[in-house]
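Values reported hereafter were calculated over all heavy atoms of this structure, with side chains retained and with hydrogens, waters and symmetry mates removed. Residue numbers begin at 1 in each chain, while the letters A, B, ... track the order of the sequences.
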Amino acid sequence: MKWVYIEEISEYQDQDIELRGWLFNKRSGGKIRFLLVRDGTGIIQGTIFNPQEESPLFKQFDELTQESSLIVRGKVKEDKRAPGGYELEIKEIEIIQIAKDYPITPKSHGVPFLMEHRHLWLRSQKQHAILQIRAELIKAIRDFFDGRGFRLMDTPILTPSACEGTTTLFETEYFDQKAYLSQSGQLYNEATAAAFGKVYCFGPTFRAEKSKTRRHLIEFWMVEPEVAFALLDDIIKLGEDLVVFIVERVLEERKKELDILERDTKPLEKVKKPFPRLTYEEALQKIKKKGSKMEWGDDFGAPDETMISEFFDKPVNITHFPLSAKAFYMEPDPKRPDLALCVDMLASEGYGEIIGGGQRIHDLSLLEKRIKEHQLPKEAYKWYLDLRKYGSTPHSGFGLGIERTLSWLCKIKHIRETIPFPRLLYRIYP
RNA sequence: UCCUCGGUAGCUCAAUUGGCAGAGCGGGUGGCUGUUAACCACUAGGUUGCAGGUUCGAGUCCUGCCCGAGGAGCCA
């Protein structure tokens with residue numbers, strides 16, 4: 001009998017097939033029994049029905065417990081009463097392993113308990129749907145950049161020093177030296193951009209900050225394009241194109257999962273170019289009118305970001321932040337040298353910053369000056385300064401946070417559900 | 001690091017002013033011919049986070065500690 005997956009079950013109507021999976025749930029009603037089987041691609045209801053005599057299948061049914069692994073064989077039938085529209089008339093059950101006392105029962109559970117059982121929680125429908133969308137999102141991002149002639153450049157995870165010199169890094173041993181886990185691939189990408197023109201890196205990044213909010217992970221994934229000769233405006237448009245592309249893709253390909261998550265897709269359908277754009281100072285004025293106590297020079301806090309995004313029904317680009325609030329490599333605005341040529345994109349529906357980027361300093365002496373001002377170790381940036389000595393060009397790039405973007409797409413409250421095994425403050429198990 | 005809230009059965013929670021520690025789910029047993037987190041009946045299941053204190057009596061009040069959650073700052 002042919003082994004098939006539930007996602008392709010409609011192609012096998014009225015045929016005998018084999019499914020390999022796990023018992024999701026079971027129900028019984030006298031001489032009829034229902035087995036809900038999942039195989040990683042979907043869930044199907046199997047029926048055992050025998051009005052004449054006691055079937056040996058009934059005994060196997062009674063033995064089966066939630067999440068027991070099994071192989072079932074039978075005929076595929078279309079049936080409106082079945083969840084999913086198809087069911088399997090079971091002819092044979094092969095029990096692989098009986099799962100005793102599966103901890104995650106069909107009733108409600110609390111967050112600490114579920115986090116403690118994250119390795120099993122992944123099997124439940126909502127978590128499964130979120131991670132299906134995550135995989136789609138990552139594929140969409142790769143397709144977007146590959147389709148535009150960008151080269152994927154893997155930047156190092158073990159680095160000799162702080163990239164930006166601002167956030168706290170994880171320190172580790174590198175034989176007789178110290179090394180740090182990467183917090184961004186950007187600086188290395190500035191080098192690869194000068195070699196390949198348009199590049200992106202996609203990988204994990206690490207922040208040893210004691211952040212304890214629904215928007216922070218200790219280990220998270222980021223895609224960072226970098227484009228030689230690009231100016232701020234080019235990179236803002238690139239960010240818009242990227243976000244429009246991934247939203248469209250997820251709406252097209254992951255309708256089923258968005259339904260499972262009960263995600264209202266109307267706000268996502270509005271995500272079309274161009275996105276509203278305002279400067280830091282314009283945004284500041286808007287939120288001050290609404291009662292924010294933020295002062296010029298501060299970065300937007302989480303409630304401020306929410307307030308700004310509520311003015312619009314699309315993601316919004318905020319540009320020209322005070323230079324003092326940004327990293328050392330930011331290019332100053334020639335018209336306003338106290339402002340940076342940078343952009344933060346805030347997702348709609350109050351989800352906050354998903355993109356941060358801008359134009360990088362390409363003048364050698366200005367960069368040297370900034371490194372000094374930020375009291376960064378000059379030796380560590382020798383190679384980085386070389387990029388300004390040998391064929392320096394204006395160039396720009398940004399980073400998009402995968403988990404924050406996914407939280408928004410799925411409208412998930414907490415970012416911990418958007419990665420299979422979240423690393424959180426005070427939680428590294430499982 | 002700071003602020004706030006919480007910890008009672010495997011899980012989710014209840015327990016009035018300090019007065020016999022309970023329910024639903026899950027487990028077990030039995031029943032039901034179409035269930036949709038199925039349902040019905042019965043049943044087993046407890047060091048009330050830990051240590052101390054007040055009291056005739058503490059899940060409840062007090063002190064300290066541990067663990068967890070939400071938020072702030074920082075950031076994607």
Side-chain angles (χ1 to χ4, degrees), chain A residues 24-36 43-52 55 58 61-62 65-67 77 79-85 87 89 99-117 120-121 124-126 164 166-169 183-186 203-224 239 298-305 325-327 344-347 351-357 398-408 413-416 418-419 424-427 429:
Chain A
F24 191 71
N25 201 356
K26 66 175 185 180
R27 298 183 266 270
S28 68
K31 296 209 166 54
I32 189 164
R33 309 285 148 106
F34 301 97
L35 282 181
L36 287 168
I43 297 174
I44 193 168
Q45 174 166 284
T47 54
I48 308 169
F49 181 62
N50 190 343
Q52 313 297 337
S55 163
F58 280 18
F61 173 92
D62 289 342
T65 53
Q66 193 191 352
E67 287 304 319
K77 285 280 182 189
D79 195 310
K80 286 208 176 84
R81 291 169 295 186
E87 62 182 21
E89 274 177 18
K100 193 139 174 46
D101 300 327
Y102 184 71
I104 303 178
T105 61
K107 291 280 174 172
S108 66
H109 300 280
V111 169
F113 179 81
L114 290 169
M115 287 307 298
E116 202 65 19
H117 296 87
L120 304 174
W121 191 20
S124 62
Q125 271 190 298
K126 279 197 174 180
E164 305 185 11
T166 50
T167 49
T168 325
L169 300 174
Q183 57 165 346
S184 164
Q186 183 206 314
T205 49
F206 308 87
R207 305 274 165 95
E209 263 152 14
K210 297 202 168 178
S211 301
K212 188 175 161 53
T213 82
R214 69 182 69 184
R215 297 178 309 283
H216 288 89
L217 290 170
I218 304 301
E219 177 183 310
F220 66 95
W221 286 66
M222 191 158 65
V223 61
E224 295 174 279
D298 295 344
D299 211 337
F300 298 106
D304 301 316
E305 287 188 350
K326 290 284 172 182
D344 278 10
M345 188 196 289
L346 309 183
Y351 271 82
E353 186 179 353
I354 54 171
I355 279 182
F398 64 78
L400 174 128
I402 300 307
E403 290 79 10
R404 282 195 183 172
T405 305
L406 188 58
S407 298
W408 168 54
K413 281 201 190 77
H414 201 297
I415 198 168
R416 67 185 157 221
T418 60
I419 185 166
L424 297 159
L425 186 61
Y426 308 130
R427 164 151 256 133
Y429 177 91

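- Nearest to the side chain of A/Asp101, among B/G27, B/C75, B/C74, sits B/G27.
- At whole-Å resolution of the value, CG in A/Leu36 and P in B/A37 are 9 Å apart.
- Within 4.0 Å (heavy atoms only), A/Asn25 reaches sugar-phosphate atoms of the nucleic acid but no base atom.
- Across the C1' atoms, B/C74 and B/G68 are found 23 Å apart, a figure rounded to whole Å.
- Here the C1' atom of nucleotide B/C75 and the CZ atom of A/Phe206 are 16 Å apart, to the nearest Å.
- One can place CE of A/Met345 at 13 Å from C1' of B/A76, the figure rounded to the nearest angstrom.
- If you measure from atom NZ of A/Lys210 to atom C1' of B/G73, you get 14 Å, rounded to the nearest angstrom.
- Nucleotides B/U29 and B/C65 have their C1' atoms positioned 45 Å apart, rounded to a whole Å.
- The residue A/Gly352 sits apart from the nucleic acid: no heavy atom pair falls under 4.0 Å.
- Among the heavy atoms of the strands lying under 4.0 Å from A/Arg427 are primed sugar atoms or P, OP1, OP2 only; no base atom is included.
- The A/Phe34 side chain lies nearest to B/U35 when the options are B/A76, B/G71, B/U35.
- In this structure, CD of A/Glu305 is placed 14 Å from C1' of B/A72, rounded to the nearest angstrom.
- Set against B/G70, B/A76, B/C74, the side chain of A/Arg215 has B/C74 as its closest nucleotide.
- Note on A/Arg214: every side-chain N or O is 4.0 Å or more away from OP1 and OP2 of B/A72.
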Please tabulate the protein-to-nucleotide N/O contacts below 3.5 Å involving nucleotides 3-13 of chain B, giving atom names and distances.
unit_1	atom_1	unit_2	atom_2	d
B/C11	O2'	A/Ser108	O	3.3
B/C11	O2'	A/His109	ND1	2.5
B/U12	OP1	A/Gly110	N	3.0
B/U12	O4'	A/Ser108	O	3.3

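- In this structure, the NZ atom of A/Lys26 is 8 Å from the P atom of B/G27, given to the nearest Å.
- Checking B/G73, B/A76, B/G34 against the side-chain heavy atoms of A/Thr213 singles out B/G73 as nearest.
- Residue-level contact check: A/Glu87 touches the bases, meaning some heavy atom is under 4.0 Å from a base atom.
- Residue A/His117 is out of contact with every strand shown, counting any heavy-atom pair closer than 4.0 Å.
- The residue A/Gln66 sits apart from the nucleic acid: no heavy atom pair falls under 4.0 Å.
- A parallel orientation is assigned to the rings of A/Phe113 and A/His109, their planes being inclined by less than 30° (bins at 30° and 60°).
- Heavy atoms of A/Leu217 sit under 4.0 angstrom from at least one base atom.
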Which dot-bracket string fits RNA chain B when only Watson-Crick or G-U wobble pairs with both atom distances under 3.5 Å count, crossing pairs get [ ], and | stands for a partner on a different strand?
(((((((..((((.....[..)))).(((((.......))))).....(((((..]....))))))))))))....
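- Taking the C1' atom of each, B/G53 and B/C42 are spaced 45 Å apart, rounded to whole Å.
- A/Arg27 contributes no side-chain N or O that forms a donor-acceptor pair with the base of B/C32 under 3.5 Å.
- Rounded to an integer number of Å, the gap from A/Ile104 CD1 to B/G27 C1' is 17 Å.
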